[in-house]
Amino acid sequence: MLLQHGFIDKEKKGSVNEHTMERHLRTILQDACAALSADVQGDAIEIQVPKEEFGDLSTPLAMGLAKPLRKAPRAIAEQIVQTVRANDVFEKVDIAGPGFINFTFAKPFLVAEMLRLLREQDAFLREDVGQGRKIQIEFVSANPTGPLHLGHGRGAALGAALANLLAEAGFIVEKEFYINDAGRQVRLLGLSVYARYQDLLGRPVPFPEDGYRGDYITDLAEAVRASHGDSYAGKAFDDVAEFFIDFAYLRMLDALKQDLADFGVVFDTWQSERDLYRENLVEQGIDDLKRRGHIFEHEGAVWFRSTDFGDDKDRVLVKQDGDYTYFTPDIAYHRKKFEKGFDEVIDIWGADHHGYIPRMSAAIQALGHPKESFRVLLVQMVSLLKAGQPVQMSKRAGEFITLREIMDEIGPDTTKFLFLTRRSDSQLEIDIEVAKAQSSENPVFYVQYAHARINSIFEKAREAGAPAGEAPSVPDGIDASLYNDDEYRLIRKLLLYPMMFRGAANTREPHRVTFYLQELAAMFHQYYHKYRIITDDAAVTTVRLLLCQAVRIVLRHGLKILGVQAPEKM
RNA sequence: GCGCCUGUAGCUCAGCUGGAUAGAGCGGCAGACUACGAAUCUGUAGGCCAGGGGUUCGAAUCCCUUCAGGCGCGCCA
């Protein structure tokens, strides 16, 4: 159940990528440091991608060692270079600036790595950072009281992409949606529908002050009338509350699931708040905290001493009137998450809830879990512009742009891609006119076009009777001189994918994938314009088709993480 | 008042666990289809990284401060 992504090739899952450019370099540098009697762990060595003219990879290692070794950075660099130069994976190793060491890999090595990419495909691209650790991502979790809006869409895109990313990175991932079906909000929903229903039957009642006012409320009231006629006419709300609440929220939940499905986002588990009560978990949560000594009573209320764990103030769990606060079932919920055995729990929240983080974190720590095992990713607001003018959104008046509308306007792929080209915690503006009008120059099409174009090349190759059909079979070796400098640029970019991938997984930042894909697509389009893939020279053609195939594999992998189609044709 | 997020090219944003001459897309300007898809490509202009101070070999990145925008600070949810 946990592995329903269909994306993970379970047979290849176990293989670990041992020989990317970066790992190679790391190992070599670690040995070099040992020779200098500097105890540096391979993983701790900083490796970066420099500007192209400097080389493929570089390290400021020597500058960092200057102080502990009490030597000049360049002198240290010299020593490192001496030991490293003998290695034949490098074409060039040199020192630049204040002490950077730049590495340029030898072409035969690059070619061999690319062939490995072609053979191993996804297994070559991913890095096992999770090592089977269990991680839960809870996201969207919208109240089932209205349609999903853009903020939810952003959370959905992020959560789904992150789940794909982490699953590929060797975590066991569960995607969960928390259903707020027990609180005041669903009651208000039921009451709103009730009021509209009575209106329809000519028995107007005052509309609730904070009620939901969207047209969908009236639609729900109509649906009640259609299925139950006037059997609830004139009855007091308290007598029919359960019916109206359940009728309304279950329909909203269905609609919400449909929206998410159409957006391409699927959840593994749906946790109901009511079930937490049914299973007595809310009470157990309080008891657990009590046992651990973090509960006190004050002025007739039950408090959690969250200040012991970094919160600003202590928090009430049971009010004077005996009701729970919103926080209390949430503690039970997070307690349950950990009882299910997750090593890490990620919540994706709207940024307006950021003030809630310290108390939730405190509760989790109080329950005995390490602080680092809980992580909240904040998704900032999405504001919508139409031709440069802000579109006013008021949830109260039921006036807001829904995810559904945006999906219908600009398509799920574009919507997801736009959401994922920004860090989640930066505010995002989408101008719907721009997104529509420029659809032909939209970044998502740019990347997809590269993929479709490669597919088209293979079609052409088949027609032309080139030595390749779908894609040439992968040879054991290729003469490194068959590739030109522009092709080596592309190959290097491909080989940097695993490094980018690991960074994205470690930081939980899928947007890095988006940026990488745009860069790769750009590089490919440029290459395509400069050279013909299918030529009279059979050897060159084969070798170029192999490169195209490698680009295609990487594009597909990246797009799949983002949850965006990799179309054969456009 | 306190806390969190943000401030980088005309616009939208990357880069932020300190590294080399700060990047991309869009928009602007000038160009490229008799060859695998022009949803593409080439060239060009555009910056006191909000301001100020500090830390050090080195700061867009870390610290302090000012300013501007957003969001929070309930025995609400």
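Throughout, protein chains are lettered first and strands after them, A, B, ... in sequence-line order, and every chain is numbered starting at 1.
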Should Arg492(A) and Glu52(A) count as an ion pair when the cut-off is N to O under 4.0 Å? no
With respect to the side chain of Tyr446(A), which nucleotide from U40(B), A14(B), G70(B) is positioned closest? U40(B)
With sequence neighbours excluded, what pairs up with Lys71(A) under the side-chain contact (heavy atoms from CB on, under 4.5 Å) test? Ile76(A), Gln79(A)
Between C29(B) and G18(B), how far apart are the two C1' atoms, rounded to whole Å? 38 Å
Taking the C1' atom of each, how far is G52(B) from C76(B), in whole Å? 42 Å
In terms of side-chain geometry, is the basic nitrogen of Asp485(A) or Arg489(A) positioned less than 4.0 Å from the acidic oxygen of its partner? no
Does the structure show a Watson-Crick or G-U wobble partner for U17(B), both distances under 3.5 Å? Name it, or say none. none
For Phe90(A), enumerate each residue passing the side-chain contact (heavy atoms from CB on, under 4.5 Å) test, keeping only those at least two apart in sequence or located in another chain. Leu25(A), Ile28(A), Val84(A), Asn87(A), Val93(A), Phe103(A), Phe105(A)
Would you say the base of A20(B) and the side-chain of Ser58(A) have a donor-acceptor pair closer than 3.5 Å? yes
Can you pull the salt bridge (Lys or Arg N to Asp or Glu O under 4.0 Å) pairs that have at least one residue in residues 531-549 of chain A, sequence neighbours excluded? Glu487(A)-Arg544(A)
Return whichever of Gly97(A) or Pro443(A) has its heavy-atom-nearest nucleotide of RNA chain B closer to the 5' end. Gly97(A)
Within the structure, does a side-chain N or O atom of Arg462(A) lie under 4.0 Å from either OP1 or OP2 of C36(B)? no
Please confirm whether the shortest side-chain N or O distance from Lys530(A) to OP1 or OP2 of U42(B) is below 4.0 Å. no
For the side chain of Asp425(A), starting at C-beta, report the closest nucleotide among C36(B), U6(B), G23(B). U6(B)
Would you kindly say whether Asp56(A) and Thr104(A) are connected by a side-chain donor-acceptor distance under 3.5 Å? no
Among all residues two or more places apart in sequence or in another chain, which pass the side chain to side chain donor-acceptor pair (under 3.5 Å) test with Glu344(A)? Arg375(A), Arg508(A)
Need one value for Ser426(A): base, sugar-phosphate or nothing, where a base atom within 4.0 Å counts as base even if backbone is also close, heavy atoms only. sugar-phosphate
Of all the nucleotides listed (C41(B), A39(B), A14(B)), which has the minimum atom distance to the side chain of Phe515(A)? A14(B)
What integer distance in Å separates Leu378(A):CG from G70(B):C1'? 13 Å
Whom does C36(B) pair with, Watson-Crick or G-U wobble, provided both distances fall under 3.5 Å? none
With rounding to the closest Å, how many angstrom separate the P atoms on C62(B) and G7(B)? 10 Å
If you apply the rule salt bridge (charged side-chain N to carboxylate O under 4.0 Å, His left out), what do you find for Arg26(A) with Glu22(A), and how did you get there? CA-CA 6 Å; Arg26(A) 221 171 260 290; Glu22(A) 182 209 359; 2.6 Å; yes
With rounding to the closest Å, how many angstrom separate the P atoms on C41(B) and C49(B)? 30 Å
Would you please name every residue forming a side-chain contact (heavy atoms from CB on, under 4.5 Å) with Ala241(A), sequence neighbours left out? Arg187(A), Phe237(A), Ile245(A)
Please report, rounded to the nearest Å, how far the P atom of U34(B) is from the CZ atom of Arg532(A). 14 Å
His511(A) vs Phe515(A) aromatic rings, parallel, tilted or perpendicular, using cut-offs 30° and 60°? perpendicular
Across all strands shown, which nucleotide pairs with G25(B) by Watson-Crick or G-U wobble geometry, both distances under 3.5 Å? C11(B)
Based on the glycosidic angle (syn within 90° of 0, else anti), state the conformation of C33(B). syn
Separation of the P atoms in A22(B) and A45(B), to the nearest angstrom: 15 Å
Identify whether any heavy atom of Ala66(A) sits under 4.0 Å from a base atom; if not, whether one sits that close to sugar-phosphate; answer base, sugar-phosphate or nothing. nothing
Comparing Gln48(A) and Gln526(A) on RNA chain B - which has the more 5′ nearest nucleotide: Gln48(A)
Does any nucleotide pair with A68(B) by Watson-Crick or G-U wobble geometry, both distances under 3.5 Å, and what is it? U6(B)
Between A9(B) and C71(B), how far apart are the P atoms? Round to whole Å, please. 23 Å
Remember a base hit wins even if backbone is also touched, and classify Asp536(A) as base, sugar-phosphate or nothing at under 4.0 Å, heavy atoms. nothing
Counting any heavy atom closer than 4.0 Å, what does Pro358(A) reach on the DNA or RNA strands: base, sugar-phosphate only, or nothing? nothing
Tell me whether the centres of the aromatic rings in Tyr446(A) and His525(A) are closer together than 6.0 Å. yes
Using a 5.5 Å cut-off between ring centres and planes within 30 degrees, is Phe54(A) stacked on the base of A20(B)? yes
Given C13(B), U40(B), C36(B), the nucleotide with the shortest approach to the side chain of Glu429(A): C13(B)
In B/S/- notation (B base, S sugar-phosphate only, - none; protein heavy atoms under 4.0 Å), nucleotides 71-77 of chain B written 5' to 3' is BSSSBSB
Rounded distance (Å) that lies between atom P of A35(B) and atom NE2 of His529(A): 12 Å
Both distances under 3.5 Å, Watson-Crick or G-U wobble: report the partner of C73(B), or none. G1(B)
Would you kindly give the OH-to-C1' distance between Tyr516(A) and G23(B), to the nearest whole Å? 17 Å
N/O (side chain, Arg423(A)) to phosphate O (OP1/OP2, G15(B)) under 4.0 Å: yes
Which part of the nucleic acid, if any, lies within contact of Ile457(A), taking any heavy atom under 4.0 Å across all strands shown: a base, the sugar-phosphate backbone alone, or nothing? sugar-phosphate
In this structure, how many angstroms lie between the P atom of A14(B) and the NZ atom of Lys51(A), rounded? 21 Å
Atom-to-atom span, CD of Glu519(A) to P of A24(B) - whole angstrom: 10 Å
Lys460(A) NZ to A35(B) P, straight-line distance once rounded to whole Å: 11 Å
Send over the distance from Gln518(A) CD to U40(B) P, rounded to a whole Å. 12 Å
Gap in Å between the two P atoms, one belonging to A32(B) and one to A38(B), rounded: 16 Å
C4(B) and A39(B): how far apart are their P atoms, nearest whole angstrom? 49 Å
